[in-house]
*Asks:* 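Right, I'll just put the structure down here and ask away after.
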There are 2 protein chains.
Amino acid sequence: MVETTDATRRRTRLTRDAVLRRAVAIADEHGVEALTMRRLAEELGVEAMSLYHHVRGKDGILDGALELVLDEMLDAVSRLEPPDLADPRDWQPAVRARILAARTVMLRHRWTPQVMEARNAMTLSAARHVDGIVALMRAGGFSWDLVHHGLHALGSRVHGFTQELGEPEGGDAEAEAVLAQIAPHIPHLVAMFSEVAHDEPGSTLGWCDDQTEFEFGLDLVLDGLERLARQG
Amino acid sequence: MVETTDATRRRTRLTRDAVLRRAVAIADEHGVEALTMRRLAEELGVEAMSLYHHVRGKDGILDGALELVLDEMLDAVSRLEPPDLADPRDWQPAVRARILAARTVMLRHRWTPQVMEARNAMTLSAARHVDGIVALMRAGGFSWDLVHHGLHALGSRVHGFTQELGEPEGGDAEAEAVLAQIAPHIPHLVAMFSEVAHDEPGSTLGWCDDQTEFEFGLDLVLDGLERLARQG
DNA sequence: TGCTTCTACCTTACAACGTAAGCCTTACGT
DNA sequence: ACGTAAGGCTTACGTTGTAAGGTAGAAGCA
């Protein structure tokens, strides 16, 4: 019993940052519902209650994990080369680039929309990200009022996502049966499906390209704002 | 002990519909996190496990409650007087009216966004609602492709909501302290706040009118779609 | 009629969750 | 050297969803 030192000092000390990083990793890989105190502790080689020395509780972990993602977003956005803004219209591609950069981060952490809705966190990084967009809008000649409305119009798009319609997703057999059941009641949707589908190579259903659709909606909003900014 | 008949037959038989209605009521009044099997059962004067004879489980209750709300939405939309659509541009006010009608329903059940995101349900009523919007877009001269992109651009707005930014909400003292902390890092946002705020009568923070902002964003998207439809 | 089967309730029990309370060891300041 | 605090562990509790099985009465059938 002399080697206690070696046996007890089993790993490096736990830190708030390590806890949150692991939390993000778990949510990324197994979904946010798999993120439990016990599992998180276990993956860190520790008991659940030990986490409470570094974090306010489950809510604190959710907030902290979200904060990490938002930091990552701000970081990705900050790496973009600064726009020159010679023309007032240059605000638009600049904002577009920032939002798409934020989106690439969000795509690595698909649980963020869900969590952001449940707890509405106000983070420094998130605020700074929005602040940068506000600055660009101002440089584009927006009135403060238009900036304000514009932010609301963008909504969650500033963070790289939009509430997706629950369109049929995977080739679930049961879901397809349900669709067949209700198809008679939604003739226009069915027409759209059959019309747009056969342009694509793939299957009947998984034909919505998220990125394309996101950019389409984003540009629609940005174009509308640009028009309003120009006409005063 | 002869009056067993009267004492045992304590209420009308339980039904799936009654269960779901009560579920909606609880979520409306106390938030979706207060909706537990035991509480729901208790309010129905019954034991928790009895609910399983009428409903697939907690998930089934969530889905069912959501379905009830979506039915209500379709109902509200259907009550609108049908548009005449003399001019192709008439699609726009018609779609606008439908979406705002859906929104009034959603405002009575504020938990729906959260639940719709967690479980992405595909409901007949939801599909029919969207189907009606598709029909109007077609009447407005939309190509199928534009209809499709347009639906994605509208996103959750078709159901009367948008992912809200976590802007500072109630006059929470702690939140205000946090804001003061980070204010130096977000000069443009602070400027916007101070600029737009003093037009309003109320406090410094609660100055975003949800309905106004929702309609602004909605019209931005609709105007953009209208322009695209006209130019082919 | 009597027997069976089904339905809609109840009872009990369990595993998993977040977390309150408290103990034990280690490290460090004085 | 000793107090003290940090950071780990153990135990335990209340709440959650739900699996398993019991039971009384209605319904079907002989």
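Only heavy atoms go into these numbers, but all of them, side chains included; no hydrogens, no water, no symmetry mates. Quick note on labels: first sequence line is chain A, next is B, and so on, each numbered from 1.
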*Asks:* What's the closest nucleotide to the L14(B) side chain, out of dC9(C), dG7(D), dT11(C)?
*Replies:* dC9(C)
*Asks:* Rounding to an integer number of Å, can you tell me how far H54(B) NE2 sits from dA8(C) C1'?
*Replies:*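 Roughly 6 Å, once rounded to whole Å.
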*Asks:* Please determine, for the side chain of E47(A), which listed nucleotide (dC9(C), dC9(D), dT18(D)) has the closest atom?
*Replies:*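 Nearest to the side chain of E47(A) among the choices is dC9(D).
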*Asks:* Using both distances under 3.5 Å as the test, list the Watson-Crick or G-U wobble partner of dC2(D), or none.
*Replies:* dG29(C)
*Asks:* Are a donor atom and an acceptor atom from the side chains of H148(A) and E195(B) found within less than 3.5 Å of each other?
*Replies:* no
*Asks:* Check every strand shown and say whether S50(B) touches a base, only sugar-phosphate, or nothing at a heavy-atom separation below 4.0 Å.
*Replies:* base
*Asks:* Look through every strand shown and name the nucleotide pairing with dT1(C) as Watson-Crick or G-U wobble, where both distances are under 3.5 Å.
*Replies:*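 In the structure as shown, dT1(C) has no Watson-Crick or wobble partner.
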*Asks:* Roughly how many Å is it from CG in L35(B) to P in dT15(D), rounded to a whole number?
*Replies:* 17 Å
*Asks:* Pick the closest DNA chain C nucleotide for M49(A) and for R39(A) by heavy atoms, then say which residue is nearer the 5' end.
*Replies:* R39(A)
*Asks:* Return yes when atom CD of E43(B) has more than 12 non-hydrogen atoms of other residues, nucleotides or ligands closer than 6.0 Å, and no otherwise.
*Replies:*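 Counting neighbours around CD of E43(B), more than 12 heavy atoms of other residues, nucleotides or ligands fall under 6.0 Å, so yes.
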*Asks:* Send over the distance from D59(A) CG to dT19(C) C1', rounded to a whole Å.
*Replies:* 12 Å
*Asks:* L44(B) has an atom CG; how far is it from atom P of dC9(C), in whole Å?
*Replies:* 10 Å
*Asks:* Give the rounded distance in Å between these two atoms: CE of M37(A) and P of dA12(D).
*Replies:* 20 Å
*Asks:* To the nearest Å, give me how far apart NE2 (H53(B)) and P (dT18(D)) are.
*Replies:* 14 Å
*Asks:* Ring of F161(A), cation from R103(A) - is the NZ or CZ under 6.0 Å from the centre and inside 45° of the axis?
*Replies:*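 Negative - R103(A) is either too far from the ring of F161(A) or too far off its axis.
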*Asks:* Please report the distance, rounded to the nearest Å, between OH in Y52(A) and C1' in dC17(C).
*Replies:* 10 Å
*Asks:* Could you give the CZ-to-P distance, from R119(B) to dG17(D), as a whole number of Å?
*Replies:*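 In whole Å, dG17(D) P and R119(B) CZ are 13 Å from each other.
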*Asks:* In a check of side-chain contact (heavy atoms from CB on, under 4.5 Å) between V24(B) and each of T112(B), V19(B), L68(B), which one passes?
*Replies:*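 When side-chain contact (heavy atoms from CB on, under 4.5 Å) is applied between V24(B) and each of T112(B), V19(B), L68(B), only L68(B) qualifies.
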*Asks:* Tell me whether the OP1 or OP2 atom of dC17(C) has a side-chain N or O from R38(A) closer than 4.0 Å.
*Replies:* no
*Asks:* Run through D63(B), L66(B), L62(B), V55(B) and flag the one making a side-chain contact (heavy atoms from CB on, under 4.5 Å) with L20(B).
*Replies:* V55(B)
